[in-house]
Amino acid sequence: MFTKKGDSGETDVIRKRVGKDSPLVNFLGDLDELNSFLGLAYLRTKWDDMRNDIGRMQDEIFIIGEDASTGSNKVNQDFVKWIEERTIEYRKETGPIRLFVIPGGSESGASIHVARAVCRRVERNAVKYSKELEPFNKWIIVYLNRASSMLFSMATASNKRDNVQERIHDIGRYF
């Protein structure tokens, strides 16, 4: 599908026209990339609880995009609380994690690790964009920070469920 309206380097974002190089369009593109990698992790994950959690995160990524575009402040502490609760459940399953886990393992675990790494980049960019976009809901940054932690916990739980031993990069000391 094409409308040719974007040929001039501008695009429509919820009732306003902005340059395709704007911080908002860059942030929305980052969210789209994250959501795509979450979709891949969803397809490669065979456990219903993880699929449900990834599916919810995908829906919430759209809400984050709407929030950033409209200043609706829909993303709040309740979003973060859910992620924290789910992360704790996955951590209970895996037990303590030694530094530094080398991303990989099972196909599911590796796919979730990729989504986690993309989520960390989106979080870093959100910090940058928050300084350029007014208003910017600070809960978005908190959500993305917790989301990457949850994805890490999910990746290690996925590997454990698949009986795949985590590879650890030994730095010679542990904190």
Side-chain angles (χ1 to χ4, degrees), residues 27-68 73-130 136-175:
F27 184 56
L28 295 175
D30 289 347
L31 291 172
D32 184 39
E33 182 182 359
L34 172 58
N35 218 340
S36 297
F37 278 108
L38 286 169
L40 186 61
Y42 179 93
L43 290 174
R44 291 186 173 163
T45 299
K46 53 189 166 191
W47 297 282
D48 288 340
D49 60 336
M50 290 188 186
R51 289 172 67 95
N52 290 336
D53 289 345
I54 291 169
R56 179 170 171 170
M57 289 176 76
Q58 287 187 286
D59 288 335
E60 290 178 347
I61 295 300
F62 277 106
I63 296 168
I64 289 170
E66 177 188 350
D67 194 323
N73 290 318
K74 287 185 177 182
V75 179
N76 58 40
Q77 191 171 6
D78 293 334
F79 283 64
V80 173
K81 183 179 178 192
W82 170 77
I83 286 208
E84 289 173 344
E85 290 169 355
R86 295 304 299 143
T87 302
I88 289 167
E89 289 303 310
Y90 290 117
R91 288 275 168 97
K92 285 180 188 174
E93 188 175 338
T94 61
I97 302 294
R98 291 178 34 211
L99 298 177
F100 288 92
V101 171
I102 298 171
S106 65
E107 185 174 352
S108 173
S111 295
I112 296 170
H113 270 300
V114 171
R116 173 197 53 80
V118 171
C119 188
R120 282 283 185 217
R121 180 169 39 81
V122 174
E123 176 195 1
R124 291 189 305 271
N125 287 342
V127 170
K128 178 176 79 172
Y129 300 143
S130 73
F136 192 87
N137 182 350
K138 301 301 181 187
W139 283 108
I140 292 172
I141 295 168
V142 177
Y143 177 92
L144 292 168
N145 180 271
R146 298 301 190 286
S148 58
S149 295
M150 181 170 134
L151 290 166
F152 177 84
S153 295
M154 289 174 74
T156 56
S158 180
N159 287 337
K160 184 170 186 172
R161 290 177 187 185
D162 273 332
N163 294 314
V164 174
Q165 181 77 28
E166 296 290 354
R167 294 183 310 132
I168 305 296
H169 175 72
D170 188 353
I171 60 171
R173 60 188 165 97
Y174 296 96
F175 301 98

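Start at 1 with the first residue, then count along the sequence. On a predicted model such as this, the values are computed, not experimentally measured, just so you know.
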Interatomic distance, SG@C119 vs CG@N145, rounded to 0.5 Å, equals 8.5 Å
Next item on the list: Examine distances only and state if a side-chain atom of K160 and a backbone atom of E93 form a donor-acceptor pair shorter than 3.5 Å.
Entry: yes
Using modelled atom types only, decide if a donor and an acceptor are shared between the side chain of N137 and the backbone of V75 within a distance under 3.5 Å.
yes
Between S130 and V127 the two heavy atoms that sit nearest each other are OG-O, 2.7 Å
### Query
Counting heavy atoms not belonging to R121, are there more than 12 under 6.0 Å from its CZ?
yes
Smallest heavy-atom separation, F79 atom then K74 atom, equals CE1-O, 3.1 Å
Closest heavy-atom pair, T45 versus A41, reported as atoms and distance to 0.1 Å, is OG1-O, 2.6 Å
Minimal heavy-atom distance between L38 and I54, with the atoms involved, is O-CG2, 3.3 Å
Any donor-acceptor pair under 3.5 Å linking the side-chain atoms of R91 with those of S153?
yes
In this structure, CZ of R146 is separated from CH2 of W82 (nearest 0.5 Å) by 14.0 Å
- Query: Quick one: are I140 and F27 in side-chain contact, heavy atoms under 4.5 Å?
  - Reply: yes
Q. Would E89 and R86 pass as an ion pair if we require N to O under 4.0 Å?
A. no
Interatomic distance, CG@L151 vs OG1@T87, rounded to 0.5 Å, equals 8.0 Å
query = Taking NZ, NE, NH1 and NH2 as the nitrogens, is one of them in R161 or D49 under 4.0 Å from a carboxylate oxygen of the other?
reply = yes
(request) Indicate whether the side chain of Q58 and that of Y42 have a donor and an acceptor atom separated by less than 3.5 Å. (result) no
Rounded to the nearest 0.5 Å, the CD atom of E60 sits from the CG atom of D53 at a distance of 10.0 Å
Next item on the list: Inspect the surroundings of NZ in K138 and state if more than 12 heavy atoms from other residues, nucleotides or ligands are less than 6.0 Å away.
Entry: yes
NZ of K92 to OG1 of T94, rounded to nearest 0.5 Å, is 12.0 Å
Result for side-chain contact (heavy atoms from CB on, under 4.5 Å) between N125 and one of D30, L31, L144 points to D30
Audit row: Y143, M57, side chain to side chain contact (heavy atoms under 4.5 Å, CB included) steps and yes/no: CA-CA 10 Å; Y143 177 92; M57 289 176 76; 3.9 Å; yes
Less than 4.0 Å between a side-chain N and a carboxylate O, is that true for E123 and R120? yes
### Test item: V122 and E33 side chains (from C-beta on) under 4.5 Å apart, heavy atoms
no
Partner of R44 under side chain to side chain donor-acceptor pair (under 3.5 Å), picked from S106, S111, S158, is S111
Next item on the list: Give a yes or no answer on whether the side chain of D67 reaches the backbone of I63 with a donor-acceptor pair at less than 3.5 Å.
Entry: no
Q) So H113 and F152, would you call those rings parallel, tilted or perpendicular, with 30° and 60° as cut-offs? A) perpendicular
Under 6.0 Å from the CZ atom of F37, do we count more than 12 heavy atoms belonging to anything else shown? no
When rounded to the nearest 0.5 Å, the distance separating OG of S108 from CG of D162 is 6.5 Å
